[in-house]
Amino acid sequence: MSNFGSVKVRFAPSPTGELHLGGARTALFNWLYAKKHQGSFFLRIEDTDKARSKDVFTSQILDSLKWLGLDWDEPLIYQSGRQERYKYYIKKLMDERKAYRCFCSKSDLENIKEDSYALYPGTCRSLSSDEIKTKLNQGKSFTIRIKLEEGYTEFKDLVYGAIKINNKELDDFIIARSDGSPTYNFTVVVDDYEMEISHVIRGDDHLSNTPKQLIIYKNLELKAPIFAHLPMILGSDKKRLSKRHGAPGVQSFKDKGYFPDSLLNYLALLGWNPKNEKEVLDADELINLFSFDQVQKKGAAWDEKKLHWLSGQYVQNKNSQFLLDQIRLLDSDWGKNSDISTLINIINSLKPRAKSLHEFIVKSKHFFIAPDTYDEAERLKAWPDSNATEIVGQCSDILTSLDTWSSEVLESEIKSFASKKSYGLGKVIMPLRLAVFGSLDGPALFDIISILGKTETLHRIQYASTRMPT
RNA sequence: GGCCCGUUCGUCUAGUGGUUAGGACUCAGGAUUUUCAUUCCUGCAACAGGGGUUCGAUUCCCCUACGGGCUACCA
């Protein structure tokens, strides 16, 4: 923490799309840093691009942040409501002659520049006041450009270290458009200053913008914050994640039944490492361990397989009642005809097999719906001949005669039957499993039968026997 | 084109001027299990290339290649 005051950070999404993985990671690191230093975490909606900004995206972004548990401090800032402040600072620069009007039109600029890469040559930089007056009287529109001085601009990035660039590489860039609206680099500076942001933590696509912003700070004579740039998150093709390339939204992970804490955990591991070998870390641990010197400089491709694995680790650590509540949030109809204790039993039986809430829903299907068809390959495997049919029939008789219906009793009865007949256990269990569950995969057979109950189990066997080899 | 940034197993990463270059995910094989999964064990697999500096470089420096970013009256 700096000696100058408390840590204040911000996440500044533009509402031109939903929150995707990259944005979520940026928000997370800001949040972690704020929490670690008992600082504040603010949100600023950069909605000045009127054409692309939409309110629905703002609320989607806020919803996603809430879901992730990245709580922010008030107030929520909208750039669109701050036009007067930008004007104030632009006027200040104009008054102090640290910025100037540029009357060049777009086509002028195309002609002036030798090629499209060339810097603005400063055509209007030293117009006389008479010239300016004349152009103004002619009603010529103008932009406002910042006046660069010779020299170097340097700063120390918390992730990338010392960065130094020659101001010659930059030109007198535009800070206000011809309609008077400020450009991004300018609004960021004004906002971060007025919000008293101590640390600007953002994607490294802004690394090259930082010198420009520093020049604005300098011309405005404002104290600049500390910068920390985060490497990009890439897709599996190693390309930068962006809205245009179909970057997955946070919402889609919620829909797939991933837990917010597992996604947060995963995201934290992308571009940062806790410097120990423990990877399953809750928010408190992340906060505790977080540090910029363990942040990577290179982009990181995200990998759903690992997220899936991590999610599975979280499933194992959740209690079953919680899982039930969460499943119901995803699908309010799930198991609606069963009582709670049955549902808890189902969840328990599926727990080691499910890596997301969604998988509970998929894998539990045949607890609720009796199978009516059987996969051909599985039939061949479990019911190769009439022998299987006979075994299932004998099991059915045993089950019918049972009064006590528990996993343990079922197991011992079926096992003793198998050994009495000298059947391998698989010879008994496989055909039975297919008959009652419609699948060769799934929870322990005796758990299935015990959860299904006597009536349902016998029904299913009865139906299956009509489909078995004779 | 210019400037900035980067490059360790397929992926996420640890790491050091002298290491059998470590872990995790994935994948393969094995053990356990009534199936699947879990769990456990084993295995495959990396320092982009070339020059230096050095007794010795994956590690420090330079170049090249490759990748990314900025170079907008987008953010």
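None of these values were measured; they are calculated from a predicted model. Residue numbers begin at 1 in each chain, while the letters A, B, ... track the order of the sequences.
Mapping A:Pro182 and A:Leu269 onto RNA chain B via the closest heavy atom, the residue that lands nearer the 5' end is A:Leu269. The 5' end of RNA chain B is approached more closely, in terms of each residue's nearest nucleotide, by A:Ala444 than by the other of A:Ala444 and A:Ala354.
Here the separation of B:C62 from B:G6, taken at their P atoms, is 12 Å to the nearest Å. Only the C1' atoms considered, B:A46 is 15 Å distant from B:A24, to the nearest whole Å. Straight-line distance between the P atoms of B:U42 and B:G50: roughly 35 Å, to the nearest whole Å. When the P atom is compared between B:U16 and B:U32, the two are found 42 Å apart, to the nearest whole Å. Remark: the separation of the P atoms in B:U26 and B:U39 is 9 Å, to the nearest Å.
Ranking B:A14, B:C25, B:C70 by closeness to the A:Lys306 side chain, first place goes to B:C25. Candidate nucleotides B:C12, B:G2, B:A75 were compared by shortest atom distance to the side chain of A:Ala301, and B:C12 ranks first. Here the nucleotide nearest the side chain of A:Leu445, chosen from B:C70, B:U34, B:C73, is B:U34. The side chain of A:Arg353 lies closest to B:U35, out of B:C25, B:C12, B:U35. Side chain of A:Ser208, nearest nucleotide from B:A75, B:G69, B:A37: B:G69. The side chain of A:Tyr184 has B:A75 as its nearest neighbour among B:A75, B:C73, B:U71.
Side-chain nitrogen and oxygen atoms of A:Lys238 include at least one within less than 4.0 Å of the OP1 or OP2 phosphate oxygen of B:C12. Note on A:Arg240: a side-chain N or O is less than 4.0 Å away from OP1 or OP2 of B:G69. An OP1 or OP2 oxygen of B:C3 is reached within less than 4.0 angstrom by no side-chain nitrogen or oxygen of A:Lys164. Between A:Asn209 and B:C70, a side-chain N or O to OP1/OP2 separation shorter than 4.0 Å is absent. Contact annotation: A:Lys355 reaches the phosphate of B:U38 (side-chain N/O to OP1 or OP2, under 4.0 Å). Checking the phosphate oxygens (OP1, OP2) of B:U8, a side-chain nitrogen or oxygen of A:Lys298 falls inside 4.0 Å. In this structure, A:Gln313 does not reach the B:C25 phosphate: none of its side-chain N or O atoms is under 4.0 Å from OP1 or OP2. For A:Thr16 and B:A75, the shortest distance from a side-chain N or O to OP1 or OP2 is not below 4.0 Å.
In this structure, A:Glu279 places its CD atom 8 Å from P of B:A24, rounding to the nearest Å. Taking atom CZ on A:Arg25 and atom P on B:C12, their separation rounds to 12 Å, with Å as the unit. If you measure from atom CG of A:Leu119 to atom P of B:C73, you get 12 Å, rounded to the nearest angstrom. Going from atom CZ of A:Arg52 over to atom P of B:A75 covers 8 Å, rounded to whole Å. Rounded to an integer number of Å, the gap from CG of A:Leu307 to C1' of B:U11 is 13 Å. A:Gln296 has its CD atom 11 Å from the C1' atom of B:U7, to the nearest Å. Rounded to whole Å, atom P of B:C9 lies 15 Å from atom CG of A:Asp303. Rounded to whole Å, atom P of B:U35 lies 8 Å from atom CD1 of A:Ile429.
Across all strands shown, B:U39 forms a Watson-Crick or G-U wobble pair, both distances under 3.5 Å, with B:A31. Checking B:C3 for Watson-Crick or G-U wobble geometry (two distances, each under 3.5 Å) identifies B:G69 as its partner. Checking B:U19 for Watson-Crick or G-U wobble geometry (two distances, each under 3.5 Å) identifies no partner in any strand.
Between the side chain of A:Thr183 and the base of B:C73 there is no donor-acceptor pair of N/O atoms closer than 3.5 Å.
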Next on the checklist: Please evaluate residues A:Leu286 and A:Trp272 with respect to the criterion side chain to side chain contact (heavy atoms under 4.5 Å, CB included), reporting the C-alpha separation (whole Å), side-chain torsions for both, the decisive distance (0.1 Å), and the verdict.
Outcome noted: CA-CA 10 Å; A:Leu286 292 174; A:Trp272 171 79; 3.8 Å; yes
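Between the A:Asp108 side chain and the A:Ser105 main chain, a donor and an acceptor come within less than 3.5 Å of each other.
Of all the heavy atoms in A:Leu158 and A:His199, the pair that sits closest is CD2-CD2, 4.0 Å. Closest approach of A:Glu194 to A:Tyr89, counting heavy atoms only: OE2-OH, 2.8 Å.
With sequence neighbours excluded, the residues satisfying side-chain hydrogen bond (donor to acceptor under 3.5 Å, both in side chains) with A:Tyr100 are A:Asp172.
Side chains of A:Arg202 and A:Thr210: a donor on one and an acceptor on the other come within 3.5 Å.
Ion pairing of A:Lys421 with A:Glu390 is absent here, as no side-chain N (NZ or NE/NH1/NH2) approaches a carboxylate O to less than 4.0 Å. Salt-bridge annotation for A:Lys147 and A:Glu149: absent, with no side-chain N of the basic residue lying under 4.0 Å from a carboxylate O of the acidic one. A salt bridge is defined here as a Lys NZ or Arg NE, NH1 or NH2 lying under 4.0 Å from an Asp or Glu carboxylate O, and A:Arg10 with A:Asp191 fails to meet this definition.
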Under 3.5 Å, which N/O atoms of the protein pair with N/O atoms of nucleotides 40-46 of chain B?
none

Under 3.5 Å, sequence neighbours excluded: what are the donor-acceptor pairs made by side chains of residues 294-303 of chain A?
residue: A:Gln294; atom: OE1; partner: A:Asn273; partner atom: ND2; Å: 3.0
residue: A:Asp303; atom: OD1; partner: A:Lys305; partner atom: N; Å: 3.2

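Among the protein residues, A:Thr48 comes within range of the sugar-phosphate backbone only, with heavy atoms under 4.0 Å from sugar or phosphate atoms but none that close to a base.
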